[in-house]
Amino acid sequence: MSMIVTETDGPLYKIIFNRPEKKNAFLQEAYRALEAALKEADADDAIAAIVFLAEGEAFSSGNDVADFGPDVVKNLAGDFRNAPVMKFLHTLNNAEKPIVAGVNGLAVGVAVTMLLHCDLVYAAPSASFTIPFTKLGIVPEAASSLLLPRVIGYPKAADMLLRCRMMTAEEADAAGLLSEILHEEDFRSAVLDRAGDLADKAPEALKITKAMMKKNRPEIAERIDYEAEFFLERLHSAEVAEAVAAFFEKRKPDFRKSG
């Protein structure tokens with residue numbers, strides 16, 4: 001079963017996270033599929049908007065901890081800038097079509113930072129947003145060290161990135177992370193209805209307007225690469241090794257002994 005499913009729904013191109021048994025955690029295989037799907041949708045003149053959705057009760061629990069294993073880290077180290085996750089992030093940053101996200105539940109790590117690149121972000125009342133990087137011994141990615149303070153302000157961004165504070169849907173909406181909380185019973189239909197509004201708009205005007213708002217793409221791309229250098233270093237650190245060991249041993253990490 002594919003971790004990522006794509007569906008064309010009239011003028012909408014749906015990219016659906018499809019690993020509900022693992023809370024839609026991403027592996028490198030998923031990032032490859034996400035990159036390919038974004039490129040396919042962006043190149044299709046019949047598509048008005050791209051929509052991220054998820055199966056199950058979680059939007060995504062973020063990067064699968066299995067991806068922090070020694071074999072995967074060793075493979076990534078060879079050419080990290082060409083790693084699937086990096087290609088996905090740069091493709092996301094460069095997308096010309098409007099991108100809509102429907103966050104139906106838990107969003108963790110990269111599942112939150114990717115939202116900073118989306119144009120419209122809708123959440124169910126039960127959604128939550130957590131960036132637990134410092135709990136894992138790692139650092140921000142997806143240019144979140146740049147974008148999150150700009151979107152929600154430095155103090156709230158620091159609360160999420162440093163203290164790993166979880167935000168509820170109401171808190172995320174008040175902070176400016178969301179376009180709207182959708183209370184409708186059929187959340188997915190409500191997201192698609194709003195995404196469908198984009199199909200009525202002039203497509204070239206949509207692309208140009210998004211390009212104007214995203215004029216700082218080169219700065220964002222530079223930050224993605226800058227963060228990646230530190231992220232890769234952290235993957236080889238004793239702190240990450242302790243965090244991964246603690247995860248599989250179902251205990252709290254003790255970073256004092258990893259120093």
Where do [X] and [Y] come nearest, in terms of heavy atoms and distance?
{"X": "I50", "Y": "A41", "answer": "CG1-CB, 3.6 Å"}
{"X": "G10", "Y": "T8", "answer": "O-CG2, 3.5 Å"}
{"X": "A142", "Y": "H117", "answer": "O-NE2, 2.8 Å"}
{"X": "A124", "Y": "A169", "answer": "O-CB, 3.5 Å"}
{"X": "L232", "Y": "H236", "answer": "O-CD2, 3.2 Å"}
{"X": "K215", "Y": "P218", "answer": "O-CD, 3.6 Å"}

Q) Taking the side chain as C-beta and beyond, is there a heavy-atom pair between Y13 and D44 under 4.5 Å? A) no
Q | Side-chain heavy-atom pair F129, V103 within 4.5 angstrom cut-off | A | yes
Is [X] reaching over with its side chain to a backbone N or O of [Y], donor-acceptor style, under 3.5 angstrom?
{"X": "N94", "Y": "H90", "result": "yes"}
{"X": "K214", "Y": "A95", "result": "no"}
{"X": "D64", "Y": "A25", "result": "no"}
{"X": "E227", "Y": "V139", "result": "no"}
{"X": "S60", "Y": "A107", "result": "no"}
{"X": "S237", "Y": "V240", "result": "yes"}
{"X": "R194", "Y": "A190", "result": "yes"}

Q: Ignoring hydrogens and angles, state whether a donor on the side chain of E40 or T6 is under 3.5 Å from an acceptor on the partner side chain.
A: no
Other residues, nucleotides, ligands: >12 heavy atoms within 6.0 Å of [X] [atom1]:
{"X": "E249", "atom1": "CD", "result": "yes"}
{"X": "K14", "atom1": "NZ", "result": "yes"}
{"X": "K23", "atom1": "NZ", "result": "no"}
{"X": "E222", "atom1": "CD", "result": "no"}
{"X": "E184", "atom1": "CD", "result": "yes"}

Q) What is the ring orientation for F17 with F52, classed by angle as parallel under 30°, tilted 30 to 60°, or perpendicular over 60°? A) tilted
Q) Can you name the residues that form a salt bridge (charged side-chain N to carboxylate O under 4.0 Å, His left out) with E29, not counting sequence neighbours? A) none
Q. Listed by chain and number, what are the salt bridge (charged side-chain N to carboxylate O under 4.0 Å, His left out) partners of R188, not counting sequence neighbours?
A. E55
Rounded to the nearest 0.5 Å, how far does [atom2] of [Y] lie from [atom1] of [X]?
{"X": "L136", "Y": "I131", "atom1": "CG", "atom2": "CD1", "value": "12.0 Å"}
{"X": "L115", "Y": "S144", "atom1": "CG", "atom2": "OG", "value": "11.5 Å"}
{"X": "I47", "Y": "K97", "atom1": "CD1", "atom2": "NZ", "value": "6.5 Å"}
{"X": "M160", "Y": "I152", "atom1": "CE", "atom2": "CD1", "value": "5.5 Å"}
{"X": "L89", "Y": "T113", "atom1": "CG", "atom2": "OG1", "value": "6.5 Å"}

Q) Taking it one step at a time, do E141 and N63 satisfy side-chain contact (heavy atoms from CB on, under 4.5 Å)? A) CA-CA 11 Å; E141 33 80 314; N63 206 90; over 6 Å; no
Q. Going through the checks in order, is the side-chain contact (heavy atoms from CB on, under 4.5 Å) test met by L198 and L120?
A. CA-CA 11 Å; L198 297 167; L120 297 169; 4.2 Å; yes
Q: Give the intermediate values and the outcome of side-chain contact (heavy atoms from CB on, under 4.5 Å) for residues R234 and F231.
A: CA-CA 5 Å; R234 298 305 304 159; F231 197 96; 5.7 Å; no
Q: For residues 118-138, pull every pair meeting side-chain hydrogen bond (donor to acceptor under 3.5 Å, both in side chains), keeping only residues two or more places apart or in separate chains.
A: D119-K210
Under a single-linkage definition using a 4.5 Å side-chain heavy-atom cutoff for Ile, Leu, Val, Met, Phe, Trp and Tyr, are [X] and [Y] assigned to the same hydrophobic cluster?
{"X": "I4", "Y": "L192", "answer": "no"}
{"X": "Y31", "Y": "I15", "answer": "yes"}
{"X": "F230", "Y": "L235", "answer": "yes"}
{"X": "L53", "Y": "V112", "answer": "no"}
{"X": "I99", "Y": "F187", "answer": "no"}

Q) Can you list the steps and then say if R19 with N24 is a side-chain contact (heavy atoms from CB on, under 4.5 Å)? A) CA-CA 4 Å; R19 201 186 179 205; N24 294 316; 3.9 Å; yes
(Q) Tell me whether E242 is salt-bridged to R251, with the criterion being a basic N under 4.0 Å from an acidic carboxylate O. (A) yes
Q) Thinking salt bridges, do K39 and E35 make one under a 4.0 Å N-O criterion? A) yes
Q. Which ILVMFWY residues can you reach from L106 by hopping between side chains whose heavy atoms are under 4.5 Å apart?
A. V108
Sequence neighbours excluded and cut-off under 3.5 Å, please list the side-chain donor-acceptor pairs for residues 200-209, or say none.
| unit_1 | atom_1 | unit_2 | atom_2 | d |
| --- | --- | --- | --- | --- |
| K201 | NZ | D197 | O | 2.7 |
| K207 | NZ | E96 | OE1 | 3.2 |
| T209 | OG1 | A205 | O | 2.7 |

Q: Using the side chain to side chain contact (heavy atoms under 4.5 Å, CB included) rule, pick out the option among I224, L116, L147 that qualifies with N93.
A: I224
Side-chain donor-acceptor pairs of residues 170-178 under 3.5 Å, sequence neighbours excluded:
| unit_1 | atom_1 | unit_2 | atom_2 | d |
| --- | --- | --- | --- | --- |
| E171 | OE1 | T168 | N | 2.9 |
| E171 | OE1 | T168 | OG1 | 3.4 |
| E171 | OE2 | R165 | NH2 | 2.8 |

